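From a predicted model like this one, the values you see are computed outputs, not experimental measurements. The sequence lines fix the lettering, A, B, ..., with proteins before strands; numbering per chain opens at 1.
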Amino acid sequence: MNTKPITELASNIGQEVTLNGWLYNNRPSGKVQFLMLRDGSGLCQCVIEQTKVDDMLFEQLKHLGQESSLSVTGLVREEPRSPGGVELVVSDAHIHCEATDYPITPKEHGIDFLLKNRHLHLRSLRPWCIGRIRHTVIDAIRRFFNDNGFTLVDTPIFTTIAGEGEQTLFEVDYFGQPLHLAQTGQLYLESAAMSFGKVYCFGPTFRAEKSKTRRHLTEFWMVEPEVAYIDLPGLLNLAEDFVFSIVQRVLKDNRSELETLGADIASLEQIQKPFVRLTYTEVADILTSERTKTFMAEQLAQFQAEKQVLETELAEIEAAEAKGGLKKWKQEKNARRMLEIRSELVELEVKIENNPKHARLAADFQWGKDLGGSDETIISLMHDRPVFVTHYPKAAKAFYMKSDRTNDTVVENFDLLAPAGFGEIIGGSVREDDYEHLLARIRKEGYNPDSYQWYLDLRKYGSVPHGGFGLGVERTVAWITGEKHIRQCIAYPRMMDKVYL
RNA sequence: UCCCCGAUAGCUCAAUUGGUAGAGCGAGCGGCUGUUAACCGCUAGGUCGUAGGUUCGAGCCCUACUCGGGGAGCCA
């Protein structure tokens, strides 16, 4: 048996092959049937002509339910009418498991229903495309660091000290000792960087933030590089090369998935080096400027214009429906379009409602505050390539960030904002490498210096300038794929208020 | 934690001003030799989230609760 994956069919035209897969869609049409088969590598249309197969088999296939598993054997041929340009002319088939009443039909479903059925939903086209892209992103991440002299160091998930804020820790009972789940591998990584020079860790990260938004998960994957002997400009260059390489890899390896998802490929192709570099102080000036005021007003006008267009279309469809006399298929198409319009209108309403609030927040922005999500969105919307924001106020940032020795009120940190309104995908900094400075910061935060003894040690024995950053995998995937919600970018999402499977 | 919206068939949604609960998909049966989320005909499928209240009468109005969605704050 000449078994092939669907992806290899184009190079096997004229040959008899066997495909192992699942039934994605079934369209019987009298004496000919079209089975859409998926095998994990792709989709293939299989044609069954009654005259060419056994009668019993023909009847059996005709009634085969969605997601039944089967192997089909037949001749591969070019066929312009088939999606993909190739099809299999079936001569024989073996059914492994007949599925009936598969819950996820080829129609719209609500998100709650899909997440309750996530174990099955993973088989659908959209999650499949996103999963493939996620795989590429992760491979590109590993490749980038491995090819650039970094050593992988696996940092612990049970941790003894906090890296970010102590409120966001998941505490676990570790044989009577309270430990918490890692919210970063950074502190351990700094220690490893003093051994290997350039290191990275890659694994799940846990944050107990009470954030019920489309940008948050309580368990997400983060990659964190840490480099000895590096300064802030060096870190920005590293992050720039890194993100650029990820985008290029996805454009190269997953073009068809991006197309299926309706991702904005043109915008991804516009991502070129150098990225924009702004300081926090410059951002504060931009936010409070006339330019931003105008920009926000223009955004609002645009949203309202879009709303107008959609409302007009909706009214036209409703009028046509009321008039009656439409064919059934036309009615169904209208119903689908109306649903689409309504959900787009809801999205627009939210944007229209939020715009003045965000405009006011930006206009009233005071130096010293951390940038809010809306502020990041504004800056990100103003640029068509990623934006670095550097030198945040010391008071708004974590204790381990190195203060700028020429301006003690700010730290040598950066965030990277993905373009077109997506917002933050990376946060990083140069680390405080001076023992006394660090100790003072730990005390000021109210942490117990005893818990940080080993971390402080690193500043006693051959301390060097060093730094690193963390990139959130799901956020990166959401940005690249254009997926609106981060929960679609991981197979089994863990959200603040709900864990499904 | 706060604000807004929602819950009707297995799924996605309708139901005029409070007056007999509807459609598509899916399921079952039948038809069709080129379908593209196929199409056409027929059949089955409902305690309208839960508990109270107003009313001659409640899917629709009021109250509480449960669950879900979106947003704010915070962050990768």
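- Rounded to whole Å, atom C1' of B/rA76 lies 12 Å from atom CD of A/Gln183.
- For the pair A/Gln186 CD and B/rA76 P, the computed distance is 10 Å after rounding to whole Å.
- Picking from B/rA76, B/rU12, B/rG69 the nucleotide with the shortest atom distance to the side chain of A/His109 gives B/rU12.
- Distance check on atom C1': B/rU63 versus B/rA72 gives 28 Å, rounded to whole Å.
- Comparing the same atom, C1', in B/rG6 and in B/rA37 gives a spacing of 26 Å after rounding to whole Å.
- One finds no side-chain N or O of A/Arg77 lying less than 4.0 angstrom from the OP1 or OP2 phosphate oxygen of B/rG34.
- Listed nucleotides B/rG73, B/rG68, B/rU35 differ in distance to A/Ser374; the shortest reach to its side chain belongs to B/rG73.
- For A/Val350, counting side-chain heavy atoms from C-beta on, the closest listed nucleotide (B/rG68, B/rG73, B/rG71) is B/rG71.
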Listing, residues 348-359 of chain A side-chain donor-acceptor contacts under 3.5 Å, not counting sequence neighbours, or none:
{"unit_1": "A/Glu349", "atom_1": "OE2", "unit_2": "A/Lys307", "atom_2": "NZ", "d": "3.3"}
{"unit_1": "A/Asn354", "atom_1": "ND2", "unit_2": "A/Val350", "atom_2": "O", "d": "3.4"}
{"unit_1": "A/Asn355", "atom_1": "ND2", "unit_2": "A/Met296", "atom_2": "O", "d": "3.1"}

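- Remark: the separation of the P atoms in B/rG69 and B/rU12 is 12 Å, to the nearest Å.
- Between the side chain of A/Ser68 and the main chain of A/Leu23, no donor-acceptor pair closer than 3.5 Å is present.
- For A/Asp415 and A/Tyr392, the side-chain atoms include at least one donor-acceptor pair closer than 3.5 Å.
- Spacing between B/rA15 and B/rU8 at atom P, rounded to whole Å, works out to 14 Å.
- Residues A/Gln45 and A/Pro83 come closest through the heavy atom pair OE1-CD, 3.5 Å.
- Between B/rG70 and B/rU55, the two P atoms lie 40 Å apart (nearest whole Å).
- Nucleic acid contact for A/Thr476: none, since no nucleic acid atom lies under 4.0 Å from a heavy atom of the residue.
- No engagement by A/Thr205 is indicated, since no non-hydrogen atom pair under 4.0 Å with the nucleic acid exists.
- Between A/Pro103 and A/His109 there is no side-chain heavy-atom pair separated by less than 4.5 Å.
- Ranking B/rG70, B/rA37, B/rG73 by closeness to the A/Pro106 side chain, first place goes to B/rA37.
- Comparing B/rA76, B/rG34, B/rG69 by their nearest atom to the side chain of A/Met222 picks out B/rA76.
- Nucleic acid contact for A/Ile104: none, since no nucleic acid atom lies under 4.0 Å from a heavy atom of the residue.
- For the pair A/Leu371 CG and B/rA76 P, the computed distance is 12 Å after rounding to whole Å.
- Here A/Gln66 lies out of heavy-atom contact (under 4.0 Å) with every strand.
- Across B/rU17 and B/rG31, the matching P atoms stand 46 Å from one another, rounded to whole Å.
- At a cut-off of 3.5 angstrom, the base of B/rC75 holds at least one donor-acceptor pair with the side chain of A/His216.
- Between the CD1 atom of A/Ile378 and the P atom of B/rA72 there is a distance of 12 Å, given to the nearest Å.
- Within 4.0 Å (heavy atoms only), A/Phe202 reaches no atom of the nucleic acid at all.
- In the set B/rC75, B/rU35, B/rG70, the nucleotide with an atom closest to the side chain of A/Glu209 is B/rC75.
- Put simply, CD on A/Glu209 and CG on A/Leu169 are 10.5 Å apart, with the number rounded to the nearest 0.5 Å.
- B/rA21 sits 11 Å from B/rA14 when the C1' atoms are compared, rounded to a whole Å.
- A/Gly65 comes within contact range of no nucleotide atom at all, as no heavy-atom separation falls under 4.0 Å.
- Open room surrounds CZ on A/Phe158; 12 or fewer heavy atoms of other groups in view lie less than 6.0 Å from it.
- A/Glu240 places a side-chain N or O within 3.5 Å of a backbone atom of A/Phe275 that can act as its donor or acceptor partner.
- A salt bridge links A/Arg77 with A/Glu87; the closest basic N to acidic carboxylate O contact falls under 4.0 Å.
- When the options A/Thr100, A/Ile104, A/Thr105 are evaluated for a side chain to side chain contact (heavy atoms under 4.5 Å, CB included) with A/Tyr102, the one that passes is A/Ile104.
- Side-chain atoms of A/Glu87 come within donor-acceptor range of the base of B/rG34, with a qualifying N/O pair under 3.5 Å.
- Between the CZ atom of A/Arg207 and the P atom of B/rC75 there is a distance of 10 Å, rounded to whole Å.
- The side chain of A/Arg214 contributes an N or O atom lying less than 4.0 Å from OP1 or OP2 of B/rG71.
- Rounding to whole angstrom units, CG of residue A/Leu64 and P of B/rA27 are separated by 11 Å.
- Distances from the side chain of A/Lys498 to the nucleotides B/rG68, B/rG34, B/rA76 place B/rG68 closest.
- Distances shorter than 4.0 Å separate none of the side-chain N or O atoms of A/Lys210 from OP1 or OP2 on B/rG73.
- Using a 4.0 Å heavy-atom criterion, one finds that A/Phe34 contacts the bases of the nucleic acid, with or without backbone contacts as well.
- A/Thr100 comes within 4.0 angstrom of no nucleic acid atom, judged by non-hydrogen atoms across all strands.
- Using a 4.0 Å heavy-atom criterion, one finds that A/Glu108 contacts the bases of the nucleic acid, with or without backbone contacts as well.
- Helical stems of RNA chain B (runs of at least 3 Watson-Crick or G-U pairs, donor-acceptor distances under 3.5 Å) are listed by first residue: B:1-7 with B:66-72, B:10-13 with B:22-25, B:27-31 with B:39-43, B:49-53 with B:61-65.
- Counting any heavy atom pair closer than 4.0 Å across all strands shown, A/Ser29 reaches a base atom.
- A/Leu114 places its CG atom 17 Å from the P atom of B/rG10, with the value rounded to the nearest Å.
- Which of B/rC75, B/rU35, B/rU12 sits closest to the side chain of A/Phe113 comes down to B/rU12.
- When rounded to the nearest whole Å, the span between NZ of A/Lys212 and C1' of B/rG71 equals 9 Å.
- Rounded to whole Å, the separation between the P atoms of B/rA7 and B/rC61 comes to 10 Å.
- Within the 4.0 angstrom heavy-atom criterion, no nucleotide atom of any strand lies near A/Asp415.
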**OP:** Would you please test A/Gln186 and A/Tyr400 for side-chain hydrogen bond (donor to acceptor under 3.5 Å, both in side chains) and show each step?
**Re:** CA-CA 10 Å; A/Gln186 181 202 316; A/Tyr400 53 74; 3.3 Å; yes
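- A/Leu471 comes within contact range of no nucleotide atom at all, as no heavy-atom separation falls under 4.0 Å.
- For A/Gln45 and B/rU35, a side-chain-to-base donor-acceptor distance below 3.5 Å is present, hydrogens and geometry of angles not being considered.
- Closest to the side chain of A/Asn354, out of B/rG34, B/rG26, B/rA72, is B/rA72.
- Within the nucleic acid shown, A/Pro83 comes within 4.0 Å of at least one base atom, counting heavy atoms only.
- Residues meeting the ring pair (Phe, Tyr, Trp, His ring centres under 6.0 Å) test with A/His63, sequence neighbours left out: none.
- For A/His63, the listed nucleotide lying nearest its side chain is B/rG30; candidates were B/rG69, B/rG30, B/rC75.
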